[in-house]
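Structure record follows, encoded as structure tokens.
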Amino acid sequence: MGELTVTCDPEDVGLDSARLRRIDAHFAPYADDGRLPGWLVLVSRRGEIAHLSAYGSRDVASGAPVETDTLFRIYSMTKPITSVAVMTLYEEGLLQLTDPVSRYLPAFAGLRVYEKGPAFSPVTRPAAEPVRVWHLLTHTAGLVYGFQRVSVVDELYRRAGFDRGAPRGMSLAEAVDRWAELPLAFEPGTRWNYSVATDVLGRLAEVVSGRPLDAFLRERVLGPLGMHDTGFWIDEERAGRMASLYSADHRRRAVPMDTRGAELRRPSFLSGGGGLISTAGDYHRFTRMLLRGGELDGVRLLGPRTVAYMTRNHLPGGADLEDFGQPGFAEVPYAGSGFGLGFAVVRDAVRHRTVTSEGEFGWGGAAGTTFWVDPAEELTVVFMTQLLPSDTHPIRSRLRQLVYQALL
């Protein structure tokens, strides 16, 4: 959709140029001293890109720089895309939020809930409430991630081969059937827990649409929005634009990981919860669509009321994630946040302990990527980097400070 570039003078959209440069001044040392390999940040207001900067390396060994078309693994920033795609099925009347998931995925009938006991001998009971589509969208289904290492159910997932991702060669359909055999961590709807729920949602979308998840996302979201660099894998022609992946060592410095060229092959497990590769430009188009209530460049994905409904706090009684959520890993701070249909939503900026707006929504990815949309300020922000885990450095809280202090 054209080269990614600044499209306005920041002052014309109510941003201070000098104050925006504080973003670059703050994050440049992260790459200079090895805390991050490199990064890219994009700040947009009122539909115009007011600040765009890239710094450091997409591959430290070769010295290849981060550029505006660099490809990044966005991990859990896949979740909002999958959620939006599923809601297009909702708008067509092909499913309801209250539908039991077992209507589409029979393995989800007869689920059991963990009650007590160790992983080698867990005590379970029949679930009193079926897992519904709404539970998947809000992470209140009782599903877990094995890597969180908080509960016995997490351990059961790891024992079944689900630590990070699925066992080699396992398909999404096979993974979902296996998860259905494992107990839920709690009764559906009674707690919030970050989990494989969006992967289950991706499989549900396959069944309802009759299309593989990659084709479904391309037809419903990626193609219509012109997100042509976003997908579950890349071709050889774009391999040189791919950022290398890094993990943090004991000093919190970036060390390279060997991905063995996995990004060049169609994965057997199409993860609607964390499998996409994208660019800042593509994801900016997604955030602009959300800010505009479901439409971009004359293409409407969702109705404005649907987007508004998705980006409200859906936790019972307007609960806070810190109170309603299971302790463990998440891509945003718990305090002051609720959760909608695929997004965290700021419900109390004071409790959030960050300058922001109530109603701001967004999410992040395991390798440090993040985005948010602030309808009150007509603001969207995208940050890209490639360092696991995402909480190695306080990137997201610092970025918010630096963006909001630049608003005039």
Side chain to side chain donor-acceptor pair (under 3.5 Å) between Ser244 and Gln386, intermediate numbers included: CA-CA 7 Å; Ser244 297; Gln386 291 287 262; over 6 Å; no

Would [X] and [Y] pass as an ion pair if we require N to O under 4.0 Å?
X: Arg21; Y: Asp16; answer: no
X: Asp69; Y: Arg241; answer: yes
X: Asp323; Y: Arg351; answer: yes
X: Asp320; Y: Arg347; answer: yes
X: Arg159; Y: Glu155; answer: yes

Excluding sequence neighbours, so at least two apart, what forms side-chain hydrogen bond (donor to acceptor under 3.5 Å, both in side chains) with Glu92? Arg220

Classify the ring geometry of Tyr145 against Tyr194: parallel below 30°, tilted from 30° to 60°, perpendicular beyond 60°. perpendicular

Parallel, tilted or perpendicular: rings of Trp39 and Phe383 (30°, 60°): parallel

Exam field: side chain [X] to backbone [Y], donor-acceptor pair closer than 3.5 Å:
X: Ser357; Y: Gly359; value: no
X: Thr306; Y: Leu302; value: no
X: Asp374; Y: Glu360; value: no

Glu115 and Thr124: CA distance, side-chain angles, deciding distance, side chain to side chain donor-acceptor pair (under 3.5 Å) verdict: CA-CA 5 Å; Glu115 202 163 60; Thr124 65; over 6 Å; no

How far apart are the C-alpha atoms of Arg46 and Glu378, what are their side-chain angles, what is the distance that settles it, and do they pass the salt bridge (charged side-chain N to carboxylate O under 4.0 Å, His left out) test? CA-CA 5 Å; Arg46 300 170 190 162; Glu378 301 178 85; 3.8 Å; yes

Taking every heavy atom of Ser268 against every heavy atom of Met170, the minimum-distance pair comes out as OG-O, 3.3 Å

Is it the case that [X] and [Y] place a side-chain donor and acceptor less than 3.5 Å from each other?
X: Thr279; Y: Asp229; result: no
X: Lys79; Y: Ser76; result: yes
X: Gln401; Y: Thr354; result: no

Are Tyr75 and Ser271 close enough, and set up right, to give a side chain to side chain donor-acceptor pair (under 3.5 Å), and what steps lead you there? CA-CA 9 Å; Tyr75 289 110; Ser271 173; over 6 Å; no

Verdict with reasoning, Thr138 to Thr140, per side chain to side chain donor-acceptor pair (under 3.5 Å): CA-CA 5 Å; Thr138 57; Thr140 58; 2.8 Å; yes

Please find out if less than 6.0 Å separates the ring center of Phe361 from that of Trp372. no

Using the benzene-type ring in the case of Trp, are the ring centres of Phe27 and Tyr55 under 6.0 Å apart? no

Do you know which of Phe343, Phe339, Tyr283, Phe286 makes ring-ring contact (aromatic ring centres under 6.0 Å, His included) with Trp363? Phe339

Regarding Arg35 and the six-membered ring of Tyr30, is the cationic atom NZ or CZ under 6.0 Å from the ring centre and inside 45° of its axis? yes

Do the numbers put Arg191 on top of the ring of Phe186, so that NZ or CZ is under 6.0 Å from the six-membered ring centre and no more than 45° off the axis? no

Among residues two or more places apart or on two chains, list those pairs meeting ring-ring contact (aromatic ring centres under 6.0 Å, His included) that have a residue in residues 231-275. none

